[in-house]
Amino acid sequence: MFNNIYKLENLLKAYYFARRGKRNKPRICLYDFFLESNLIKLRYFLTSNKYLPSPYAHFVIYDPKTRQVAAPAFRDRVLQHSLVSVIEPLFEKKFIYDSYACRKGKGTHFGAKRIKKFLMAARCINGKEKEIYVLQCDINKFFQSISWNILLSIISKTTNCRQTVNLIEKIITTHVQTLGKDQGQLSIFSFTGFDNEAVSVTERRGLPIGNLTSQLFANIYLNELDHFAKEVLRERWYARYMDDFLIIHPDKNHLLKVREKIKIYLKKALNLCLHSKKLTIKNVREGVPFVGYRIFYDHILIRSSTLSHMQKKYKKKLKLLQQGLISQEELRQTIYSIRGHLNHANAHNLYSFMIKKSI
């Protein structure tokens with residue numbers, strides 16, 4: 001397994017994936033200019049067990065809510081693509097069908113259609129007159145709360161290659177910061193410029209948002225919850241998108257009991273807590289807010305918060321175009337993105353109102 005990660009053919013393929021949409025950026029061009037040398041050097045560091053992740057680039061995004069992001073160096077992103085391409089198939093076999101985030105052939109649109117099918121099935125089985133309820137949960141500070149020890153223990157059960165596990169451990173636990181003005185002086189330490197909420201080396205918890213591997217590791221971590229819900233609780237209509245998950249059932253009291261069981265399991269097995277303000281049990285007649293949509297048994301609408309976000313994004317791009325800061329093609333890509341999201345809902349007139357008059 002480890003041999004496949006450092007193969008030059010795999011590293012080259014990983015490089016092409018890592019540069020998608022960024023090939024004109026200066027740091028990518030520089031890496032590309034010395035591509036063969038850079039890949040051989042990366043391969044040497046891996047085979048000699050000298051590889052350590054480079055310092056992260058830290059920044060904050062406010063889209064739609066504030067997030068602290070730690071972006072890896074480009075060569076580390078290349079490695080992460082190579083690593084994920086090798087190990088992901090092993091874990092994909094263990095993932096349940098109704099986990100939708102960061103998986104090939106899944107995603108938000110697939111998730112919305114599946115929830116609609118759940119609602120239709122629940123209505124058919126229980127009848128039109130029977131009330132149906134949905135329990136919706138969100139994990140409090142999910143990425144910041146992931147335990148390194150628990151995650152590595154879960155990964156080790158599936159990945160029996162010691163070298164691969166050691167490499168994964170380095171990516172998870174090694175966080176390098178630059179000391180002083182000397183950019184060559186490095187030390188293994190915690191995140192610079194971030195509060196201790198993001199990643200804590202002393203508490204051995206947290207994954208940086210920005211790592212490609214963090215998406216896969218997050219799915220691996222919560223796959224334990226998925227199997228608990230499906231195999232222990234025996235919930236028929238359970239679905240998860242990253243740390244948002246739901247259960248549909250005709251008995252409200254049953255969902256109350258399930259909620260308590262999930263709380264206990266998350267704390268005991270994964271050291272996670274449910275978000276108290278995002279823990280609801282509602283009648284599905286109001287629609288199920290999930291993956292950016294409000295889903296009913298016979299139709300799908302755009303959530304108001306999603307619509308507001310799209311409108312702000314479009315107006316911002318339109319203003320940048322008028323100022324000459326972006327091209328017409330960039331605005332067109334934004335329009336295509338909005339239309340693609342709206343096409344999966346009953347929102348044809350909404351698209352006409354938002355976009356067509358402005359083209």
Side-chain angles (χ1 to χ4, degrees), residues 2 5-6 10-11 13-22 25 27-28 31 42 45-46 51-61 63 66-92 95 99 101-104 139 141-152 154-156 158-159 164-178 186 188-201 203-223 241-243 272:
F2 188 68
I5 295 170
Y6 68 69
N10 210 36
L11 290 176
K13 192 184 296 184
Y15 158 75
Y16 286 123
F17 276 110
R19 77 170 190 179
R20 284 187 302 184
K22 306 171 187 174
K25 291 189 176 182
R27 62 192 178 94
I28 313 300
Y31 194 93
L42 177 56
F45 279 121
L46 289 170
Y51 171 80
L52 281 177
S54 302
Y56 289 87
H58 306 295
F59 55 92
V60 179
I61 59 172
D63 189 19
T66 302
R67 294 183 186 275
Q68 297 177 332
V69 178
F74 184 70
R75 67 131 194 180
D76 296 325
R77 194 155 185 85
V78 170
L79 169 64
Q80 289 176 21
H81 272 280
S82 181
L83 173 65
V84 168
S85 71
V86 172
I87 68 171
E88 187 174 35
L90 298 175
F91 292 98
E92 182 66 31
F95 292 159
S99 164
C102 308
R103 294 178 65 191
K104 294 175 183 176
I139 294 172
K141 297 179 180 178
F142 172 53
F143 278 92
Q144 299 97 312
S145 302
I146 292 176
S147 164
W148 296 349
N149 295 335
I150 296 173
L151 175 59
L152 289 168
I154 295 169
I155 290 172
S156 297
T158 301
T159 310
T164 302
V165 173
N166 288 341
L167 175 61
I168 291 171
E169 185 171 1
K170 285 181 182 179
I171 293 172
I172 292 172
T173 64
T174 303
H175 302 288
V176 184
Q177 71 173 16
T178 304
L186 300 174
I188 299 174
F189 200 66
S190 186
F191 279 97
T192 308
F194 272 30
D195 56 46
N196 290 329
E197 294 289 320
V199 171
S200 173
V201 174
E203 295 178 22
R204 292 180 63 81
R205 60 162 177 80
L207 295 180
I209 299 175
N211 269 1
L212 176 71
T213 51
S214 293
Q215 300 169 1
L216 175 60
F217 294 159
N219 267 339
I220 292 170
Y221 204 75
L222 283 185
N223 185 51
Y241 187 92
M242 200 49 73
D243 62 324
L272 298 174

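Residues: numbered from 1 along the sequence shown.
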Please identify each residue that fulfils side chain to side chain contact (heavy atoms under 4.5 Å, CB included) with T164, with sequence neighbours left out. M1, F2, I5, L83, I87, T159, C161, I168
How about C102 and M242: do any of their side-chain heavy atoms sit closer than 4.5 Å? yes
Looking at residues at least two apart in the chain, or sitting in another chain, which of them share a salt bridge (Lys or Arg N to Asp or Glu O under 4.0 Å) with E169? none
Residue pair L222 / D243: nearest heavy atoms and the distance that separates them: CD1-CA, 3.8 Å
Min side-chain heavy-atom separation Y6-L42 under 4.5 Å: no
Suppose we screen for side chain to side chain donor-acceptor pair (under 3.5 Å). Which residues come up paired with S82, at least two apart in sequence or across chains? N10
Test item: S214 side-chain N/O and P208 main-chain N/O as donor-acceptor pair under 3.5 Å: yes
Run the side chain to side chain donor-acceptor pair (under 3.5 Å) test against K13 and tell me which residues pass, sequence neighbours left out. none
Residues forming a salt bridge (Lys or Arg N to Asp or Glu O under 4.0 Å) with R204, sequence neighbours excluded: none
Between V84 and P89, what is the shortest heavy-atom contact and its length? O-CD, 4.1 Å
Backbone N/O of I154 and side chain of Y221: donor-acceptor pair under 3.5 Å: no
Does Y241 have any ring pair (Phe, Tyr, Trp, His ring centres under 6.0 Å) partners at least two apart in sequence or in another chain, and if so, which? none
Taking only residues two or more places apart in sequence, or in another chain, which ones meet Q80 in a side chain to side chain donor-acceptor pair (under 3.5 Å)? N211
Apply side chain to side chain contact (heavy atoms under 4.5 Å, CB included) to Y16 and list each qualifying residue two or more places apart in sequence or on a separate chain. L12, R19
Can you list the residues that meet the side chain to side chain donor-acceptor pair (under 3.5 Å) rule with Y31, with sequence neighbours excluded? none
Using side chain to side chain contact (heavy atoms under 4.5 Å, CB included) as the criterion, list what pairs up with A18, not counting sequence neighbours. F74, R77, V78, H81
D76 and Y51: side chain donor to acceptor below 3.5 Å: yes
Residue set satisfying side chain to side chain contact (heavy atoms under 4.5 Å, CB included) with T158, at least two apart, ordered chain then number -> L90, F91, K94
Do the non-hydrogen side-chain atoms of L207 and F142 ever get within less than 4.5 Å of each other? no
